[in-house]
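Below: the structure, in structure tokens.
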Amino acid sequence: MAKLDRRIQKTQEALKNAVIELMGEKDFDNITIQDIADRANLNRGTIYLHYQDKYDLLDKLIESHINEIAEMDKWACDEEWMDAFIPYFEYFKQNHLFFSTMLTSKGAGPSYFRTRLLAHCIAGFQCEIDRESGKNNNLKDDVILQFAGTAYAGVIEWWIINGMPYPPEVMAKQVGALLERSL
């Protein structure tokens with residue numbers, strides 16, 4: 001994969017930061033391309049060199065975070081439940097502004113983010129259902145996955161919205177223990 005030019009990276013980063021800042025001030029649906037351009041201190045036309053519209057910009061921003069989380073999934077499955085979640089909660093903490101904005105803002109964009117996060121959580125747990133011990137006998141896979149995914153996404157949202165009252169390690173151990181019980 002070709003390396004992205006630094007100027008392009010800087011411009012895209014400025015646009016992503018601008019949209020996040022603006023979402024902290026008003027609903028995504030009410031943000032205009034001109035608002036984003038002004039906040040990023042760029043020409044309106046520059047946005048269209050990189051993105052089709054504000055929805056494409058937000059989609060790429062969300063996609064980059066989901067991809068970062070997905071990279072962690074590749075090795076987290078080999079870890080014990082409680083240890084596996086530490087890097088995730090550290091990532092959420094490091095990217096607090098993005099996640100808190102996505103989880104507290106209103107409009108189509110944040111709603112889309114919640115849907116993507118939940119779908120990612122559910123997909124990540126599909127291979128984790130314990131059928132060996134018998135604890136999940138008589139339970140349907142889709143119900144187990146919906147329960148675990150919704151619980152995990154909900155705890156992430158609660159933790160971020162409430163100012164991260166516990167350190168990532170504590171959250172990882174708590175969530176790991178709870179999910180290990182239910183999956």
Side-chain angles (χ1 to χ4, degrees), residues 12-13 15-33 35-36 39 51-74 76-77 81 84-129 140-168 170-183:
Q12 289 178 347
E13 194 63 31
L15 292 169
K16 290 173 181 178
N17 289 338
V19 98
I20 291 297
E21 288 174 16
L22 287 164
M23 287 175 67
E25 299 168 14
K26 58 184 175 178
D27 291 353
F28 180 74
D29 298 335
N30 296 328
I31 296 171
T32 65
I33 288 291
D35 292 336
I36 297 168
R39 183 62 59 101
Y51 305 102
Q52 293 176 0
D53 53 26
K54 69 179 187 176
Y55 299 98
D56 185 40
L57 168 56
L58 184 63
D59 183 54
K60 298 290 190 297
L61 178 59
I62 291 169
E63 189 70 27
S64 70
H65 283 283
I66 295 292
N67 287 342
E68 289 284 326
I69 294 168
E71 283 299 312
M72 288 185 264
D73 293 348
K74 292 177 183 174
C77 295
W81 276 101
F85 285 103
I86 292 172
Y88 293 97
F89 280 96
E90 287 173 346
Y91 182 80
F92 299 139
K93 182 177 181 177
Q94 290 167 357
N95 294 281
H96 178 265
L97 181 60
F98 169 78
F99 288 104
S100 65
T101 300
M102 286 293 114
L103 295 170
T104 59
S105 299
K106 298 195 182 335
S111 175
Y112 173 67
F113 170 73
R114 284 184 189 92
T115 302
R116 291 286 312 275
L117 180 62
L118 177 59
H120 180 81
C121 294
I122 289 171
F125 294 142
Q126 282 185 337
C127 297
E128 300 295 332
I129 297 174
K140 303 289 184 200
D141 285 2
D142 55 347
V143 175
I144 293 170
L145 291 169
Q146 191 67 39
F147 177 81
T150 303
Y152 181 44
V155 168
I156 293 166
E157 184 171 357
W158 168 85
W159 184 64
I160 290 169
I161 288 173
N162 287 285
M164 298 177 288
Y166 305 106
V170 170
M171 290 303 296
K173 293 197 182 312
Q174 297 279 306
V175 169
L178 291 167
L179 286 172
E180 186 174 30
R181 290 179 190 175
S182 60
L183 287 171

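All values below come from the heavy atoms of this structure, side chains included, with hydrogens, waters and symmetry mates left out.
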So Y88 and F85, would you call those rings parallel, tilted or perpendicular, with 30° and 60° as cut-offs? tilted
What pairs meet the salt bridge (Lys or Arg N to Asp or Glu O under 4.0 Å) rule with one or both residues in [range], with sequence neighbours excluded?
| range | answer |
| --- | --- |
| residues 89-99 | none |
| residues 143-159 | R114-E157 |
| residues 173-183 | D83-K173 |

[X] side, atom [atom1]; [Y] side, atom [atom2] - distance, nearest 0.5 Å:
| X | Y | atom1 | atom2 | result |
| --- | --- | --- | --- | --- |
| L57 | I62 | CG | CD1 | 9.5 Å |
| I160 | L103 | CD1 | CG | 5.5 Å |
| L22 | N30 | CG | CG | 11.5 Å |
| I20 | L61 | CD1 | CG | 4.5 Å |
| M23 | I36 | CE | CD1 | 10.0 Å |

[X]: partners by side-chain hydrogen bond (donor to acceptor under 3.5 Å, both in side chains), with sequence neighbours left out:
| X | value |
| --- | --- |
| D59 | Y112 |
| S64 | none |
| D53 | none |
| E21 | R39 |

With sequence neighbours excluded, residues passing side chain to side chain contact (heavy atoms under 4.5 Å, CB included) with I122: L118, L145, Q146
Applying salt bridge (charged side-chain N to carboxylate O under 4.0 Å, His left out), run through K54 and D35 and close with a yes or a no. CA-CA 10 Å; K54 69 179 187 176; D35 292 336; over 6 Å; no
Let's go through L58 and Y51 carefully: what are the C-alpha distance in whole Å and the side-chain angles of both, what is the deciding distance for side-chain contact (heavy atoms from CB on, under 4.5 Å) to 0.1 Å, and is it a yes or a no? CA-CA 9 Å; L58 184 63; Y51 305 102; over 6 Å; no
Is any side-chain heavy atom of L178 closer than 4.5 Å to one of V155? no
Who are the ring pair (Phe, Tyr, Trp, His ring centres under 6.0 Å) partners of H65, not counting sequence neighbours? Y91, F98, F99
Would you please name every residue forming a ring pair (Phe, Tyr, Trp, His ring centres under 6.0 Å) with F125, sequence neighbours left out? Y152
Count the heavy atoms of every other residue, nucleotide or ligand shown that sit under 6.0 Å from CD of E25, and state whether that count exceeds 12. yes
With side-chain contact (heavy atoms from CB on, under 4.5 Å) as the criterion, how do N67 and E71 come out once you've worked through the C-alpha distance, each side chain's angles and the decisive distance to 0.1 Å? CA-CA 6 Å; N67 287 342; E71 283 299 312; 5.8 Å; no
Sorted by first residue and then second, give each side-chain hydrogen bond (donor to acceptor under 3.5 Å, both in side chains) pair with at least one member in residues 159-168; sequence neighbours left out. none
Return the minimal non-hydrogen interatomic distance between I86 and P168, and the atom names on each side. O-CB, 4.5 Å
Set out, in order, the CA-CA distance, both residues' side-chain angles and the distance that settles side-chain contact (heavy atoms from CB on, under 4.5 Å) for I69 and D73, then state yes or no. CA-CA 7 Å; I69 294 168; D73 293 348; 4.2 Å; yes
Determine whether a donor-acceptor pair (N or O, by modelled atom type, separation under 3.5 Å) exists between the side chain of T150 and the backbone of F147. no
Sequence neighbours left out, what passes salt bridge (Lys or Arg N to Asp or Glu O under 4.0 Å) with D27? Give chain and number order. none
